[in-house]
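Before any comments, here is the structure.
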Amino acid sequence: MCVIGGSRYFGKRLISRLLAAGDRVTVVNRGSSAPPDGVLHLVADRNDESSLRNALGDRTFDVVVDQVCYTPRQADIARRVFDGRTGRYVLTSTVEVYEYEDSDAPVREDAVDPHTVAVDLDAPWDDPDHREAHYGEGKRQAEAVLAAAPGFPWVSVRTAHVLGGADDFTGRVEHYATRMREGRAIRVPVGNRPATYVHVEEIADFLFWTAGQEFTGPVNANSSGPLVTAEICEAIGRVSGGRAEFAAVEVGAYSPFSFARSYGMDNARAARLGFSFSHTSDWLERAVAETLGALEDGK
């Protein structure tokens, strides 16, 4: 088993699950962070094909899980390097591949068919600002590169917005908690729409499960029960106090987890394949407490 990246958040949880199951795990990263004990650590720049090939040597893998592929150029290098040396390639993708959708009904995988997505390898993908501004497009095109490779056994796990864990590095939950405590307005779009979420432990479970399956193609990974900003803020209020005041804005930036369009995902394919996701009501308040430290404080 090979994991590219995986040094933080649900990536490190995936590695822990693999090790606990007795898998031999190889972690490939740039060397900027140490992987967990018990893995083989290979240092390589995944953006440099020669660097990646040299680090891997003649190693082969049953499964590769790519946690840090954000662009079609990265996918193109990975496809060439791992072609013939892995039985399964799992790309951690994102709900943001559906960013152009706007549907009251949950969105199925076929709403974005990677075989029909145009790929531009010459776009400035090495520019961090371009990459961030085109995050969903980068993932769409990465999927398209893998889909176009004849006989390449790929899977894309389209991951919902992840909540939970004391190590949530995004700062989004803290953003809301701070504004609620200070009585500052939370900016949301007019007609704020729901979105899909998944708990950090559940997405690690799903990636671990996916690694052992045989299906290919895209699969949505999300808990049932879409959430709107107000529901997340209500959970924050129950955990840490404060009350959310919202300001609906026509233009300009608005708070995270606030969306002008609806593209909540349908997780029926995962269910048909054998994985049953939880409902957000099962874990939302616990996830907020984990991130805000309330569980550790005994609240």
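Note that the structure is a prediction, hence the values are computed from the model and not measured.
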Parallel, tilted or perpendicular: rings of Phe257 and His161 (30°, 60°): perpendicular
Smallest separation among heavy atoms of [X] and [Y], with atom names:
X	Y	value
Ile77	Asp48	CD1-N, 4.4 Å
Val155	Thr216	CG2-CA, 3.8 Å
Tyr100	Arg140	CE1-NH2, 3.0 Å
Ala204	Leu14	CB-N, 4.0 Å
Ala260	Pro189	N-CG, 3.8 Å
Pro72	Val119	CB-CG1, 3.9 Å

Taking [X] for the side chain and [Y] for the main chain, is one N or O donor matched with an acceptor at less than 3.5 Å?
X	Y	answer
Arg179	Ala244	no
Thr291	Gly165	yes
Asn220	Met265	no
Gln74	Arg46	no
Thr280	Gly225	yes
Arg286	Asp282	no
Ser262	Arg193	no
Thr170	Asp168	no
Asn192	Phe259	yes
Trp125	Tyr70	no

Atom pair [atom1] ([X]) and [atom2] ([Y]), whose distance is rounded to the nearest 0.5 Å:
X	Y	atom1	atom2	answer
Trp209	Leu273	CH2	CG	5.0 Å
Asp120	Thr71	CG	OG1	11.0 Å
Arg79	Cys69	CZ	SG	12.0 Å
Asp205	Ser278	CG	OG	9.5 Å
Asp45	Leu52	CG	CG	8.5 Å
Ile186	Cys233	CD1	SG	4.0 Å

Can you find a pair of side-chain heavy atoms, one from [X] and one from [Y], that are under 4.5 Å apart?
X	Y	answer
His175	Ser255	yes
Phe10	Gln67	yes
Phe82	Leu56	yes
Ile203	Val157	yes

Do other residues, nucleotides or ligands put more than 12 heavy atoms under 6.0 Å from the [atom1] atom of [X]?
X	atom1	value
Arg24	CZ	no
Arg8	CZ	no
Arg243	CZ	no
Asp62	CG	no
Glu182	CD	yes
Arg85	CZ	yes

Assess whether side-chain contact (heavy atoms from CB on, under 4.5 Å) is satisfied between Leu19 and Asp37, documenting all intermediate values. CA-CA 9 Å; Leu19 292 172; Asp37 293 337; over 6 Å; no
Under a 4.5 Å side-chain heavy-atom rule over Ile, Leu, Val, Met, Phe, Trp and Tyr, are [X] and [Y] clustered together?
X	Y	answer
Trp154	Phe208	no
Phe152	Val145	no
Ile4	Phe206	no
Leu227	Val162	no
Met1	Phe215	yes

Hey, are [X] and [Y] close enough for a salt bridge, meaning a charged N less than 4.0 Å from a carboxylate O?
X	Y	value
Asp110	Arg269	no
Arg73	Asp76	no
Arg17	Asp23	no
Glu143	Lys139	no
Glu201	Arg13	yes

Classify the side-chain pair Asn29/Ser7 by whether it contains a donor and acceptor separated by less than 3.5 Å.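 The answer is no; no qualifying pair exists.
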Donor on one side chain, acceptor on other, His199 and Ser223, under 3.5 Å: no
Please walk me through it: do Thr92 and Val65 pass side-chain contact (heavy atoms from CB on, under 4.5 Å)? CA-CA 7 Å; Thr92 301; Val65 180; 4.3 Å; yes
From CA spacing to verdict: side-chain contact (heavy atoms from CB on, under 4.5 Å), Val3, Leu18: CA-CA 10 Å; Val3 179; Leu18 294 169; 3.9 Å; yes
Please report the C-alpha distance between Asn222 and Val95 in whole Å, then the side-chain angles of each, then the deciding distance to 0.1 Å, and finally whether the side-chain contact (heavy atoms from CB on, under 4.5 Å) criterion is met. CA-CA 9 Å; Asn222 60 284; Val95 62; over 6 Å; no
